[in-house]
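Notes follow the structure.
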Amino acid sequence: MAIERTLSIVKPNATARNLVGAIVKLLEEGGLRVVAMRMTRLSLAQARAFYEVHKARPFYGDLVEFMCSGPVVPMVLEGENAIQRNREIMGATDPGKAAPGTIRKLYGDDVQANAVHGSDAPETAASEIAFFFPRSETL
Ligand code: CMP
C-alpha cells in the first residue's frame with residue numbers, strides 16, 4: 001500500500017476541552033505519524049479560503065465563524081493509505097452517526113463541532129497541507 005500524507009485539524013471545540021493529546025494519541029495508535037504540527041488561530045479570511053469548496057452550502061458562514069472561535073491544531077499525518085486511514089479513525093462527519101471508538105464519536109459535539117477535520121482525497125490533502133505548512137516544514 002502507498003505511503004501517503006493527509007491533513008488533520010483539531011477543531012476549536014476540541015482544543016477548548018483539552019483534547020489535543022487524546023486525539024493525537026488515537027491517530028498515532030491508529031498507525032499514523034505526525035510529521036508537522038502547530039497550534040494557530042484562523043483569521044476569517046483564512047477560514048473562508050480553507051472551506052471555499054463549501055461556500056454555497058447553508059452551513060458555510062457558521063462553520064467559518066466556528067473555526068475562528070478558538071485555537072486549532074493543523075497537522076500533517078503520514079502512513080500507509082493515510083487519507084483513508086485518517087477518515088476511519090475520525091469516523092463519520094456527524095458524531096451521532098460515527099462508529100464507536102472513533103474521534104468524532106468520542107469527542108464530537110455536533111456535525112459542526114465534530115472535533116477534527118480530515119482531507120477527503122489525494123488532491124485535497126496536497127492543497128490542504130500546502131495551505132498550512134511551507135514545504136520546508138514537511139521535508
Ligand atoms: P469537515 O471535515 O471540517 O469539513 C466540512 C465541515 O462542514 C464538516 O467537517 C462539518 O463540520 C461541517 N458541517 C456543518 N454542517 C454540516 C452538514 N449539515 N453536513 C456536512 N458538514 C457540515
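Order of appearance sets the numbers: ligands from 1, and atoms from 1 within every ligand. Bear in mind the structure is a predicted one, so any value in this text is a computation, not a measurement.
- A cation-pi geometry, defined here as NZ or CZ lying under 6.0 Å from the six-membered ring centre and within 45° of its normal, does not hold between Arg48 and Tyr60.
- Of the charged side-chain nitrogens involved, at least one lies within less than 4.0 Å of a carboxylate oxygen, so that Lys55 and Glu52 count as a salt-bridged pair.
- Screening Val34, Leu32, Val20 for a side-chain contact (heavy atoms from CB on, under 4.5 Å) involving Met75 leaves a single residue, Val34.
- Between Glu4 and Arg85, none of the side-chain N atoms (NZ, or NE/NH1/NH2) sits under 4.0 Å from a carboxylate O, so this pair counts as no salt bridge.
- Using a non-hydrogen distance threshold of 4.0 Å, Arg87 does not register as a contact of ligand 1.
- Between Arg5 and Glu78 there is a salt bridge, since at least one side-chain N of the basic residue sits less than 4.0 Å from a carboxylate O of the acidic one.
- Nearest to atom 6 (C) of ligand 1 among the protein's heavy atoms is Leu63 CD2, 3.7 Å.
- Atom 5 (C) of ligand 1 has as its closest protein heavy atom His54 NE2, 3.4 Å.
- Of the protein's non-hydrogen atoms, the one nearest atom 10 (C) of ligand 1 is Val111 O, 3.0 Å.
- For the ligand labelled ligand 1, residue Lys11 lies inside the 4.0 Å heavy-atom shell.
- Note on ring orientation: taking the six-membered ring where Trp is involved, the planes of Phe50 and Phe131 are perpendicular (angle over 60°, cut-offs 30° and 60°).
- For Tyr51, the closest heavy-atom approach to ligand 1 falls below 4.0 Å.
- Annotation: atom 15 (N) of ligand 1 to nearest protein heavy atom, Phe59 CG, 3.3 Å.
- Checking only distances, Arg104 does come within under 3.5 Å of ligand 1, N or O to N or O.
- The single protein non-hydrogen atom nearest to atom 8 (C) of ligand 1 is Thr93 CG2, 3.8 Å, given as residue, atom name and distance.
- Closest protein heavy atom to atom 1 (P) of ligand 1: His117 ND1, 3.3 Å.
- Looking at Asp94 and Arg104, no side-chain N of the basic residue comes within less than 4.0 Å of a carboxylate O on the acidic one, giving no salt bridge.
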